[in-house]
There are 2 protein chains.
Amino acid sequence: MPTRHPSAPPSPDGHLLHPIVRKLSTYAHLDAGERAALAGLSAGGQRVEGRSDLLVEGAAPDCAVLVVEGIACRYRHRPNGARQITAYLLPGDLCDPDVVHLSRMTHSVGTIGPCRIVRIPREALADLTERHPGIARALRHAKLAEEETTREWVMNVGCRSAIERVSHLLCELHERLRIVGWATKAGYDLPLTQQDVADTTGLSNVHVNRVLRQLRLMRLVEVGGKRVDILDLPGLRAVAEFQPDYLRPTSAESIPG
Amino acid sequence: MPTRHPSAPPSPDGHLLHPIVRKLSTYAHLDAGERAALAGLSAGGQRVEGRSDLLVEGAAPDCAVLVVEGIACRYRHRPNGARQITAYLLPGDLCDPDVVHLSRMTHSVGTIGPCRIVRIPREALADLTERHPGIARALRHAKLAEEETTREWVMNVGCRSAIERVSHLLCELHERLRIVGWATKAGYDLPLTQQDVADTTGLSNVHVNRVLRQLRLMRLVEVGGKRVDILDLPGLRAVAEFQPDYLRPTSAESIPG
DNA sequence: CGTCCCGTTGAAGCGTGTCAAGGTCTGTGG
DNA sequence: CCACAGACCTTGACACGCTTCAACGGGACG
C-alpha cells in the first residue's frame with residue numbers, strides 16, 4: 001500500500017510542492033519570481049503511461065522534458081537485446097536541455113511507471129534562463145550533480161559486488177526522492193521491476209531477486225509490491241558505501257553566472 | 001617503438017597543431033581570433049610526471065586543467081583499495097571547468113604517463129568564453145560528448161563481456177586520439193598499464209592480460225610496450241559494437257548560444 | 001477463466017577473480 | 001660491467017559469484 005496517492009501534492013508548503021522548485025532550491029537561492037516561474041512550468045502537463053518512450057534513439061528532439069510525477073529513465077539496447085539503463089529521471093528532473101539539442105539522440109528516454117511530464121520548447125527554456133539567472137545557476141548545478149551521478153554509476157557497476165550495487169541504487173533513489181518530497185525516512189514507492197534493477201546494475205533479474213532476499217534477511221530493507229521499506233538506513237548505506245555528497249554539492253553559490 | 005616523438009607537433013598545419021583547436025573545431029566553427037586564443041592557451045604549460053595527482057578528492061580547486069600532451073584520468077578509490085577510473089583526459093581535453101567550481105571534488109584527477117598541462121584560472125576561462133562565443137559553443141558541445149562518453153562507459157561495464165569492454169576502450173581511445181592528431185589508422189601510443197585498463201573496465205589485471213592475448217590471436221589488435229597496433233579496425237569495432245557517434249555529434253550548429 | 005507479466009526458487013555451468021610463481025625489462029648503485 | 005630491486009607482464013590452477021535454464025506461483029487484467 002503506497003503511503004501517498006500519486007496525485008496528491010507531496011506537501012502543503014506553497015511552491016515547494018513542485019518537485020523542480022524543491023530540487024533547484026537546494027542548489028541555488030531562487031527568488032519569489034523564479035519560484036513562481038518554475039511552478040508555472042510544472043502546472044498541468046501531460047499524463048504518460050508506463051513503459052512508453054518519451055524520446056527515442058536516433059530522433060531529433062526539439063523539446064526538453066520535465067518529469068513532474070513518476071519515474072523515467074535513459075536507456076539503450078544492445079544488438080543482442082540486452083538493455084542498459086544509464087540514468088533515472090525522478091520528479092523535478094529536467095531531461096537534459098542540452099543533449100536534447102543534439103540532432104540525434106544516442107539513447108532513448110522512456111517511462112518506468114505512469115508519469116506526468118511537461119514538454120518545454122527550446123525557446124521557452126532559453127527565455128526562462130535568460131530572465132532568471134537564479135534558475136540558470138541552479139540548472140547548471142543540477143547538471144553537475146547529474147554528471148557526478150553518472151560517474152558514481154560507473155563506479156557502481158565497475159567495482160562493486162551485487163549486493164553493494166543494489167544497495168547503492170536503493171540509497172541513491174531514496175536520497176533523490178527525499179529531496180523532492182517523494183520519500184520519507186521509512187521508504188518510498190518505486191515502480192521498478194526486478195528486471196529494471198538488473199538492467200541498471202548489470203546483474204541478471206534472478207540474481208537481483210536473490211540479493212533483495214538477502215537484504216531482507218539482513219533486516220536492512222524490504223523491496224516488493226512497488227514499494228521500498230527501509231528498515232535500517234545507516235546499515236544499508238554502510239553496505240553500499242553510500243556517500244550522498246555527489247547529489248548535494250556543498251557550495252552552490254561558488255558557481256558564477 | 002613510438003611512431004612519433006612525444007614532443008614533436010602532430011602536424012604542421014598552423015594552429016591545428018594544438019589539440020584543443022583540433023578538437024573544438026570538430027564541434028563548432030572557430031574564427032581566426034578564436035583559434036589564436038586557444039593556441040595561446042596551449043603554448044607553454046607545465047610538465048608533470050606520470051602517476052601524479054593534478055586535483056585531489058576533497059580539495060577545492062580554483063583552476064581548470066587543460067591537457068596539452070599525455071594522458072590523465074579521473075578516478076576514485078574505494079575504502080578497500082579498489083580503484084575505478086571514470087574518464088580519460090586526452091590532449092585537447094579541458095578538465096571540467098564547471099566541476100572544478102565545486103567546493104569539494106568528489107573524485108581525483110591524475111596523470112597516467114608524463115603530461116604537459118595548462119592550469120587556467122576560473123576568471124581567464126570566463127573571459128575567454130565571453131569574448132569568443134564560438135569557443136563557448138564548442139566547449140558546451142565538448143561537454144555533451146563527455147557526458148555521452150560516461151554513459152557509454154556505464155553501458156560498457158554494465159552489460160558487455162570482458163573482450164567487448166577492452167575492445168571498446170581501445171576503439172574509443174583510438175577515435176579520440178585521432179581527432180587530436182595523436183593516432184593514425186595503424187595505432188597509437190598508450191601509456192596505460194594493464195592494471196589501468198583493469199581499473200577502467202572493471203576486470204582484474206590478470207584477465208585483461210588474457211583478453212589482450214586473445215585479441216592478438218584473433219589478429220585484431222596488438223597491445224604492448226606502451227603501444228597499440230591496430231591490425232583490423234573494422235573487426236575490432238565489430239567486437240566492441242563501437243559506434244563513434246557519441247564522440248562526434250552530427251550537428252554542432254544546432255546548439256544555440 | 002485464461003493469459004501474461006512478474007517474482008521466486010533450485011540446479012548446473014561458466015566467465016572472471018584470486019592466488020601463486022616466474023619472466024622480462026628498466027633503472028640504479030656498487 | 002654487474003648485481004639488484006621494482007614494476008609490469010605472463011601463465012597455470014583453482015575457487016566462486018553470477019548467469020542461465022527451467023519450473024512454478026501469484027496477482028492483474030481482459
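Proteins get letters first, then strands, A, B, ... in listed order; numbering begins at 1 in each.
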TODO: List the steps, then state whether side-chain hydrogen bond (donor to acceptor under 3.5 Å, both in side chains) holds for A/Gln195 with A/Asn205.
DONE: CA-CA 5 Å; A/Gln195 184 64 59; A/Asn205 56 350; 3.2 Å; yes
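- The aromatic rings of B/Tyr188 and B/His174 sit parallel to each other, their planes meeting at less than 30°, with 60° as the upper class boundary.
- Taking the C1' atoms of five terminal pairs at each end of the helix from C/dC1-D/dG30 to C/dG30-D/dC1, the two resulting helix axes are inclined by 30°, rounded to 10°.
- Checked against the 6.0 Å centroid criterion, the rings of A/Trp153 and A/Tyr88 qualify as a close aromatic pair.
- Atom-to-atom, CD of B/Gln195 to C1' of D/dT10 comes out at 14 Å; the value is rounded to the nearest Å.
- Between the P atom of C/dT9 and the CZ atom of A/Arg216 lies a distance of 7 Å, rounded to the nearest Å.
- Looking at B/Leu231 and B/Leu220, their side chains never come closer than 4.5 Å, going by heavy atoms from C-beta outward.
- At a non-hydrogen distance threshold of 4.0 Å, B/Val206, B/Asn209, B/Arg210, B/Arg213 from residues 203-215 of chain B come into contact with DNA chain D.
- Between B/Gln194 atom CD and D/dC8 atom C1' the separation is 8 Å, expressed in whole Å.
- Within residues 154-163 of chain B, no residue has a heavy atom under 4.0 Å from DNA chain D.
- In this structure, CG on B/Asn156 lies 12.0 Å from OG1 on B/Thr150, to the nearest 0.5 angstrom.
- Rounded to an integer number of Å, the gap from CG of B/Asp199 to P of D/dC8 is 11 Å.
- Just one residue in the list B/Leu54, B/Ile71, B/Val109 forms a side chain to side chain contact (heavy atoms under 4.5 Å, CB included) with B/Leu89, and that residue is B/Val109.
- In this structure, CD of A/Glu222 is placed 15 Å from C1' of C/dG7, rounded to the nearest angstrom.
- Within the 4.5 Å cutoff, the side chain of A/Ile112 has heavy atoms near those of the A/Arg51 side chain.
- A salt bridge between B/Asp196 and B/Arg83 is present, with a side-chain N of the basic residue lying under 4.0 Å from a carboxylate O of the acidic one.
- Considering CD of A/Glu146 and CZ of A/Arg74, their distance stands at 5.0 Å, rounded to 0.5 Å.
- Computed from coordinates, the B/Glu164 CD to C/dT16 C1' distance equals 14 Å when rounded to whole Å.
- Position along DNA chain D of the nearest nucleotide to B/Val223 versus A/Gly202 favours B/Val223 as the more 5'-ward residue.
- Atom CZ in B/Arg165 sits roughly 13 Å away from atom P in C/dG15 (whole-Å rounding).
- To the nearest 0.5 Å, the span separating CD1 on B/Ile179 from CG on B/Leu90 amounts to 9.5 Å.
- Salt-bridge formation is detected for the pair B/Glu152/B/Arg160: a Lys NZ or Arg NE/NH1/NH2 atom is positioned less than 4.0 Å from an Asp or Glu carboxylate oxygen.
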